[in-house]
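Please read all numbers here as calculations on a predicted model, not as lab measurements. Start at 1 with the first residue, then count along the sequence. We count ligands from 1, going down the list as the structure has it; atoms in each ligand are counted the same way.
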Amino acid sequence: MARPKIALIGAGQIGGTLAHLAAIKELGDIILFDIAEGTPQGKALDIAQSGPSEGFDAVMKGANSYADIAGADVCIVTAGVPRKPGMSRDDLLGINLKVMKAVGEGIKQHAPNAFVICITNPLDAMVWALREFSGLPHEKVVGMAGVLDSARFRHFLSLEFDVSMRDVTAFVLGGHGDTMVPLTRYSTVAGIPLPDLITMGWTTQEKLDAIVQRTRDGGAEIVGLLKTGSAYYAPATSAIEMAESYLKDQKRLLPCAAWVDGAFGLKGMYVGVPTVIGAKGIERIVDIKLNPTEQVMFDKSVEAVKGLVEACKGIDPTLA
Ligand SMILES: NC(=O)c1ccc[n+]([C@@H]2O[C@H](COP(=O)([O-])OP(=O)(O)OC[C@H]3O[C@@H](n4cnc5c(N)ncnc54)[C@H](O)[C@@H]3O)[C@@H](O)[C@H]2O)c1
Ligand SMILES: O=C(O)C[C@H](O)C(=O)O
């Protein structure tokens with residue numbers, strides 16, 4: 001049986017890391033696409049030459065033409081611009097919206113049956129725009145952010161509790177911005193909810209509040225340290241987790257920016273919610289009950305995302 005075809009649209013920091021991870025995990029044959037001539041070809045050749053040591057079998061090709069993504073089973077989109085220190089993700093909206101138009105049209109023409117994972121920021125508005133430009137079914141176009149934000153929360157919690165990250169679960173919902181909603185009530189250490197760990201004396205409310213804030217600022221913390229761009233190792237790993245769930249029909253329950261129409265009282269919008277990813281794409285949205293405090297935070301985040309979508313419509317009238 002032929003290997004699945006994975007098209008990586010954008011061969012920058014995340015694109016290159018995605019290609020390496022997908023090869024090491026033998027998820028399929030890989031096309032690295034970028035508008036920069038030489039970059040995808042150079043990275044593809046470099047990664048292919050790690051094959052003998054890693055022991056993977058995958059065809060690895062760099063390309064500057066959308067024709068090369070033809071028939072892709074999965075497209076992961078990182079094309080665009082990352083932020084620099086002092087910028088917010090929302091400052092990227094105008095420039096990256098134009099990129100989503102080109103990418104969406106390329107996918108529509110050459111890979112209409114793909115499962116598409118958008119990573120480009122500002123994430124929730126860009127995945128919405130990419131879906132609009134590509135015209136693919138909503139359940140086949142999803143945004144990566146919640147897996148990354150939850151991984152950051154899990155990492156910080158594991159440091160606080162001095163336990164393995166594997167035993168920490170966490171859910172961060174809402175938009176991928178300053179208003180994201182780390183849900184302490186639905187986050188656990190080996191099944192013990194965080195509020196119970198405060199009662200047990202493992203931590204304090206103040207320390208937990210600081211970890212929640214560090215999670216919300218997780219992207220900016222790395223941008224401030226790198227100075228030339230944003231995080232790429234953990235973002236790539238997070239998207240690979242989602243792609244693998246689709247390709248292997250794992251039905252992982254992951255927080256993703258999915259099309260929500262009905263659940264959470266929302267009428268047709270992309271925002272971070274718990275989702276099940278399987279062979280059909282987004283197969284289910286898990287409509288968990290939020291308490292009044294969580295609901296206020298979630299509503300605020302939803303409004304922020306709606307504002308960015310309206311801004312997109314203002315920039316590109318074809319989206320209105
Ligand atoms: N969703 C998340 O959680 C998350 C996490 C990290 C980064 N990001 C975002 O991902 C994006 C990529 O980050 P990066 O670090 O890989 O950036 P990068 O600058 O290293 O790579 C981006 C690549 O996109 C290419 N590109 C630009 N316009 C293009 C077009 N029209 N078609 C094809 N390729 C094009 C560039 O040539 C470049 O190689 C940024 O917008 C960043 O903010 C999102
Ligand atoms: O912070 C950024 O600009 C990149 C990304 O959204 C992240 O959270 O790392």
> Yes or no on side-chain contact (heavy atoms from CB on, under 4.5 Å) for Leu197 and Phe161, after CA distance, side-chain angles and deciding distance?
Replying inline: CA-CA 9 Å; Leu197 290 169; Phe161 298 129; 3.9 Å; yes
> Under the side chain to side chain donor-acceptor pair (under 3.5 Å) criterion, do Asp209 and Gln205 qualify, and how do the steps go?
Replying inline: CA-CA 6 Å; Asp209 290 346; Gln205 187 63 54; 2.9 Å; yes
> What do the steps show when you test Asp29 against Ile6 for side-chain contact (heavy atoms from CB on, under 4.5 Å), and what is the final call?
Replying inline: CA-CA 6 Å; Asp29 291 337; Ile6 301 166; over 6 Å; no
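Ligand 1 is never approached by Thr39 to a heavy-atom distance shorter than 4.0 Å. A heavy-atom separation below 4.0 Å is found between Ser230 and ligand 1.
Under the 4.5 Å side-chain criterion, counting only non-hydrogen atoms from C-beta, Val172 is not in contact with Val181. Annotation: side chain of Glu160 is in contact with side chain of Ile211 (closest heavy-atom distance under 4.5 Å). When side chains are defined from C-beta on, Asp57 counts as touching Glu26, because their heavy atoms get closer than 4.5 Å. The side-chain heavy atoms of Ile31 and Leu8, taken from C-beta on, include no pair separated by under 4.5 Å. In this structure, the side chains of Ile107 and Val116 come closer than 4.5 Å at one or more pairs of heavy atoms. Contact check for Leu93 versus Leu308: side-chain heavy atoms found under the 4.5 Å cut-off.
Those atoms of ligand 2 that come under 4.0 Å of a heavy atom in Gly219, given as number and element, are 1 (O), 7 (C), 8 (O), 9 (O). Residue contact check: Phe33 has heavy atoms under 4.0 Å from atoms 33 (C) of ligand 1. Atoms of ligand 2 lying under 4.0 Å from any heavy atom of Ala231, numbered from 1 in the order shown and given with element: 9 (O). Close contacts between ligand 2 and Ser230 involve ligand atoms 2 (C), 3 (O), 4 (C) [criterion: under 4.0 Å to a heavy atom]. Close contacts between ligand 2 and His176 involve ligand atoms 5 (C), 6 (O), 7 (C), 8 (O) [criterion: under 4.0 Å to a heavy atom]. The ligand atoms of ligand 2 that sit less than 4.0 angstrom from a heavy atom of Arg89 are 1 (O), 2 (C), 3 (O), 5 (C), 6 (O), 7 (C), 8 (O). Applying the 4.0 Å criterion to heavy atoms of Asn121 picks out, from ligand 1, the atoms 4 (C), 8 (N), 9 (C), 41 (O), 42 (C), 43 (O), 44 (C). Taking every heavy atom of Asn96 and a limit of under 4.0 angstrom, the matching atoms of ligand 1 come to 41 (O).
Checked against a 3.5 angstrom limit, the closest N/O atoms of Leu92 and ligand 1 fall outside it. Taking distance alone, with nitrogen or oxygen atoms compared against 3.5 Å, Met144 approaches ligand 1 more closely than that limit.
For Ala231, every heavy-atom contact with ligand 1 shorter than 4.0 Å involves the backbone, none the side chain. Heavy atoms of Leu123 found under 4.0 angstrom from ligand 1 belong exclusively to the side chain. Under 4.0 angstrom from ligand 1, the non-hydrogen atoms of Val81 all belong to its backbone. Of the heavy atoms in Arg89, none comes closer than 4.0 Å to ligand 1. The proximity of Asn121 to ligand 2, defined as any non-hydrogen pair under 4.0 Å, is limited to the side chain. Neither the backbone nor the side chain of Arg216 comes within contact range of ligand 2; no heavy atom lies under 4.0 Å. The side chain of Pro235, and not its backbone, has at least one atom closer than 4.0 Å to an atom of ligand 1 (non-hydrogen atoms only; side chain from C-beta on). Proximity of Leu148 to ligand 1, defined as any heavy-atom pair under 4.0 Å, is confined to the side chain (atoms from C-beta onward).
Summarising the contacts of atom 35 (C) of ligand 1 with Ala79, Gly219, Cys118, the nearest heavy atom is found in Ala79. With distances taken over non-hydrogen atoms, the option nearest atom 24 (O) of ligand 1 out of Gly12, Gly106, Gly80, Pro122 is Gly80. The closest heavy-atom contact to atom 11 (C) of ligand 1, among the options Leu18, Asp34, Thr78, Ile222, comes from Thr78. When the heavy atoms of Pro82, Ala145, Gly10, Ala234 are ranked by distance to atom 19 (O) of ligand 1, first place goes to Pro82.
Residues Asn291 and Gln295 bring no donor and acceptor atom of their side chains to less than 3.5 Å of each other. Using modelled atom types, one finds a donor on one side chain and an acceptor on the other under 3.5 Å when comparing Asp149 with His176.
Closest protein heavy atom to atom 9 (O) of ligand 2: Arg152 NH2, 2.7 Å. The closest protein non-hydrogen atom to atom 15 (O) of ligand 1 is Gln13 CB, 3.6 Å. Annotation: atom 13 (O) of ligand 1 to nearest protein heavy atom, Ile14 CD1, 3.6 Å. The shortest contact between atom 44 (C) of ligand 1 and any protein heavy atom is with Ile119 O, 2.9 Å. For atom 3 (O) of ligand 2, the nearest protein heavy atom (residue, atom name, distance) is Arg83 NE, 2.5 Å.
Using a 30° and 60° split on the angle between ring planes, Tyr270 and His138 fall in the tilted class, from 30° to 60°. Note on ring orientation: taking the six-membered ring where Trp is involved, the planes of Phe264 and Phe298 are tilted (angle from 30° to 60°).
Ile95 CD1: 12 or fewer foreign heavy atoms inside a 6.0 Å radius.
Leu92 pairs with exactly one of Asn121, Val99, Leu123 by the side-chain contact (heavy atoms from CB on, under 4.5 Å) rule, that one being Asn121.
Aromatic rings of Tyr186 and Phe171 (six-membered ring for Trp) have centroids beyond the 6.0 Å cut-off, not under it.
A salt bridge is defined here as a Lys NZ or Arg NE, NH1 or NH2 lying under 4.0 Å from an Asp or Glu carboxylate O, and Lys101 with Asp316 meets this definition.
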